[in-house]
Structure formats: C-alpha cells, structure tokens
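Report on the following structure.
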Amino acid sequence: MAIIETEAALHEAHRDNHTHRDVNGGWLRPAVFGAMDGLVSNLALMTGVAGGEVGHQTIVLSGLAGLAAGAFSMAAGEYTSVASQRELVEAELDVERRELRKHPKDEEAELAALYQARGVEPELAKAVAEQLSRDPELALEIHAREELGIDPGDLPSPLVAAVSSFGSFALGALLPVLPYLLGATTLWPALLLALLGLFLCGAVVAKVTARSWWYSGLRQLALGGAAAGVTYALGSLFGTAVG
C-alpha cells in the first residue's frame with residue numbers, strides 16, 4: 001500500500017511540475033511585439049524630429065502622423081500576409097481533399113508509410129492508417145498535420161490579425177505622444193515614459209522566453225534608447241544642414 005501511495009505521489013508531482021511554456025506565444029507575443037514596434041518607431045520618429053529643434057506642435061503632429069501611418073500600415077500588412085497564407089493553405093487542403101477522394105488507397109498507404117518511418121511496426125501502421133481513413137474529414141485533418149504541418153480547424157483570421165496589429169501598434173505609439181497631449185512642452189517627459197514602456201514590454205516578453213524579466217526589460221530599454229539616440233543625432237545633423 002505504501003508503494004502505491006508513493007507511486008501516486010510521484011505521478012501527482014510529475015503532473016504538477018511537468019509543464020511547459022507556451023512556445024508559440026499565443027496572443028501575448030504578437031500583442032507585446034506590436035506595441036513594442038509602435039513604441040520604438042514612434043519614439044525614434046519624434047526624437048529625430050525633436051533633434052531638428054522644431055516647435056513641440058510639430059513634434060506632436062509628427063507623433064500622431066507616425067501613429068496613424070504605422071498602425072494602418074501594420075494592419076494592412078498583417079491582413080494581406082495572413083489572408084495570402086490562409087488562401088495558400090486552403091488551396092493545398094483542396095489538393096489533398098481531391099487526392100483522398102480520387103486515390104483513397106494510395107493516400108492510406110502513404111499515411112501508413114509515414115507512421116512506419118516514425119518507428120511504428122508495419123502491420124500496426126497499416127491498421128491505424130486504415131482506421132483513420134474511414135472518416136474523410138478526419139483523414140484530411142491527419143494528412144494535413146502530417147504532410148503540411150497545419151491544423152485545418154485552426155487557421156488564422158486575417159481580420160483578427162489586422163485589428164490586433166492595429167490596436168497593439170497604436171497603443172505603443174501613443175506612449176511617446178501622450179505627455180504632449182497632457183500639456184508637456186519638452187521631449188523629456190515623452191522620452192522617460194517611452195523608455196519606461198520599453199522596459200515593461202521587455203519584461204512582459206520574458207513571460208514567453210527563458211530570460212529573467214529584468215534582463216529582457218533592460219535589453220529592450222537599451223535597444224529602444226539607442227534607436228532614439230541615433231535618430232536624435234541624425235535629426236540634429238540634418239536640422240543644422242537644412243537650416
């Protein structure tokens with residue numbers, strides 16, 4: 001009895017501890033990286049304009065224009081990219097569906113060969129392939145996963161991708177503009193808020209990586225700060241040359 005209880009405790013411990021991070025990132029990864037992209041690009045744009053020693057109204061207008069242009073560009077790009085990818089996948093699924101209808105035995109043998117290549121005994125692989133092939137939709141799903149590496153029931157939505165990209169980019173791009181909209185007349189409040197946002201975005205990214213939150217946050221802070229510094233220097237240089 002003691003042995004059974006010990007084994008049960010071990011099974012429970014294994015179940016509780018044997019968990020993995022979400023390696024695909026789920027919704028968190030694209031949302032955070034979209035916001036980070038908006039933050040870095042708009043911060044760099046605004047510091048570049050500010051380096052030219054222009055009025056704060058011009059900086060605000062540049063920030064708002066960068067927000068709108070970047071968000072719409074991201075949304076359009078994501079929609080086109082995901083829609084094209086989905087159309088390609090659906091075309092390949094149609095090819096596989098036709099092959100299953102025209103050559104069911106060949107497709108069944110193909111599936112059995114895939115299982116054999118993974119170490120399943122020939123007779124067992126043949127029996128499994130035969131059983132799975134009885135349902136055409138299940139057969140299509142299995143072939144799509146094995147041959148194309150996709151799940152027909154979990155294709156990405158172009159509209160969802162576009163809306164989420166627009167929203168996350170706009171949210172990130174808003175941070176550098178926000179202090180000006182609240183009455184600031186110098187670049188420092190916008191710069192400090194944006195750098196804080198970069199650190200927080202980096203820290204959140206650590207949720208889907210193996211890095212510590214402070215390392216990820218400081219790394220993103222350094223990268224974003226470097227981008228802002230370079231564009232400010234370029235803005236100062238070009239502003240002097242134009243002036």
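- Among residues two or more places apart in sequence or in another chain, the salt bridge (Lys or Arg N to Asp or Glu O under 4.0 Å) test is passed with R118 by E146.
- Sequence neighbours left out, not one pair with a member in residues 31-60 passes salt bridge (charged side-chain N to carboxylate O under 4.0 Å, His left out).
- E110 pairs with exactly one of K105, H103, H143 by the side-chain contact (heavy atoms from CB on, under 4.5 Å) rule, that one being H143.
- A donor-acceptor contact shorter than 3.5 Å links the side chain of S216 to the backbone of G202.
- Listed by first and then second residue, the salt bridge (charged side-chain N to carboxylate O under 4.0 Å, His left out) pairs involving residues 61-86 are R86-E90 (not counting sequence neighbours).
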Go through F166 and M74 one step at a time and tell me if the side-chain contact (heavy atoms from CB on, under 4.5 Å) criterion holds.
-> CA-CA 6 Å; F166 182 96; M74 284 285 291; over 6 Å; no
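- Side-chain contact check for L132 versus Y115: some heavy-atom pair is nearer than 4.5 Å.
- Closest approach of G224 and V40 over heavy atoms only: CA-CG2, 4.4 Å.
- Contacts of D154 classified as salt bridge (Lys or Arg N to Asp or Glu O under 4.0 Å), with partners at least two apart in sequence or in another chain: none.
- Under the salt bridge (Lys or Arg N to Asp or Glu O under 4.0 Å) criterion, D151 pairs with R145, sequence neighbours left out.
- In the hydrophobic clustering of ILVMFWY residues, with side-chain heavy atoms under 4.5 Å counting as a link, F72 and F33 come out apart.
- A single hydrophobic cluster is not seen to contain both L171 and M46; linkage of ILVMFWY side chains at heavy-atom distances under 4.5 Å, directly or through other members, places them apart.
- Heavy atoms of other residues, nucleotides or ligands lying less than 6.0 angstrom from CD of Q131 number 12 at most.
- Distance alone, capped at 3.5 Å, places no donor-acceptor pair between the S133 side chain and the E130 backbone.
- Its side chain within the 4.5 Å cluster rule, I150 clusters with V89, L93, L100, L140, L148, L155 among the Ile, Leu, Val, Met, Phe, Trp and Tyr residues.
- A side-chain donor-acceptor contact under 3.5 Å links S212 and W214.
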